[in-house]
Amino acid sequence: MRKQIAAANWKMNLTLQQAEQLLDNVISRPYNLTGHQQVVFAVPFPYLAMAQEKVKHLQHIFVAAQNCYSKKSGAYTGEVSVEMLQSLGIEFVVIGHSERREYFAESNKFLADKLDICLEYRITPIFCCGEPLNIREAGTQNEYVAKQLEDSLFHLDEEALQKIVIAYEPIWAIGTGKTATSAQAQEIQAYLRSVLASKYGSQVAENISILYGGSVKASNAKELFSQPDVDGGLVGGASLIADEFAAIINALK
Ligand code: 13P
């Protein structure tokens, strides 16, 4: 079975003390995680070392950065390289979150470069895609999201593609309390898998985890994750509440 992943995206929230407390609370609980299940905490840059120290001996729990730069090193004040992340033992990085695309004008091409450097340093990118409300209302979400995949992923070969995790996050469902229904999530995620299959073959497409993000909570996680093409979630607001995120972890299939 392909990997099922509960990923917390803390975004720009929590002080160091609050972050430590939340992480301790969530990771100290007993979970029955099996080999195909993973938990990932995407934490702000200043907390990466702290979080990595706490999870490094835990088998199924990992830390992610929320972003990285596309260059190896050099005069890029304020940016963080994948080599730095690798040197901390970080194994995942979120790439192309809609907030980065929107507020920092990150293009599909720029994200393609970030994916390449992540893969070069053996860091798993969690590649985000998803349509804004006007596209959903026009009914052209499939074409919109397929183009995001084509522009950022389709230069990769089969082997490289299979090292990526995809997170489908409809922008109209992020932080709005408006979750896509499980049927909507399943429909578009099955479509995205078919887009991957048309380029790379169905065997490759079947290996790729596609997470759903957008107002995932303890109360809807089980239903969303039970869909055949929903391989877990990328969770914002609810990941800041220990009981909520613990229940989301327990909802993984
Ligand atoms: P919310 O879960 O707060 O809607 O955020 C989703 C998200 O953007 C995760 O990356």
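Start at 1 and go down the list; that is how both ligands and their atoms are numbered. Just so you know, these numbers use all the heavy atoms, side chains as well, and skip hydrogens, waters and symmetry mates.
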**Prompt:** For the residue pair Tyr212 and Tyr168, does the interplanar ring angle fall in the parallel (under 30°), tilted (30 to 60°) or perpendicular (over 60°) class?
**Reply:**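 Correct class here is tilted.
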Within the structure, does [X] bring an N/O atom to less than 3.5 angstrom of an N/O atom in ligand 1?
X: Ala238; answer: no
X: Ser215; answer: yes
X: Gly236; answer: yes
X: Gly175; answer: yes

Heavy-atom contacts with [X] under 4.0 Å: which atoms of ligand 1 show up? List them by number with element.
X: Ala173; result: 4 (O)
X: Gly214; result: 4 (O), 6 (C)
X: Glu169; result: 6 (C), 7 (C), 8 (O), 9 (C), 10 (O)
X: Gly237; result: 1 (P), 2 (O), 3 (O)

**Item:** Sub-4.0 Å heavy-atom approach of Lys217 to ligand 1
**Value:**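 No; Lys217 lies far enough from ligand 1 that no heavy-atom distance drops under 4.0 Å.
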**Asked** Any non-hydrogen atom of Gly213 lying under 4.0 Å from ligand 1?
**Response**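 No; Gly213 lies far enough from ligand 1 that no heavy-atom distance drops under 4.0 Å.
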Salt bridge flag under 4.0 Å for residues [X] and [Y]:
X: Lys163; Y: Glu159; answer: yes
X: Glu150; Y: Lys199; answer: no
X: Lys3; Y: Asp231; answer: no

**Request:** Please check if atom CD in Gln37 has more than 12 non-hydrogen atoms from other residues, nucleotides or ligands closer than 6.0 Å.
**Result:**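 Correct, the count exceeds 12.
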Pairs under 3.5 angstrom only: tabulate donor-acceptor contacts from the side chains of residues 68-77 to other protein residues two or more places apart or in another chain.
from	atom 1	to	atom 2	distance (Å)
Lys72	NZ	Glu120	OE2	2.9

**Request:** Please collect all ring-ring contact (aromatic ring centres under 6.0 Å, His included) contacts where either partner lies in residues 24-45, sequence neighbours excluded, each pair once.
**Result:**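 Matches after skipping sequence neighbours: Phe41-Phe245.
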**Item:** Closest to atom 8 (O) of ligand 1 among Lys11, Lys178, Glu99 (heavy-atom distance)
**Value:**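 Nearest heavy atom to atom 8 (O) of ligand 1 lies in Lys11.
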**Item:** Asn108 side chain to Gln148 side chain, donor-acceptor N/O pair below 3.5 angstrom
**Value:**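 Looking only at side-chain atoms, Gln148 and Asn108 do not form any donor-acceptor pair under 3.5 Å.
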**Message:** Counting only heavy atoms closer than 4.0 Å, does ligand 1 sit against the backbone of Ile174, its side chain, both, or neither?
**Reply:**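 For Ile174, the contact with ligand 1 is made by both the backbone and the side chain.
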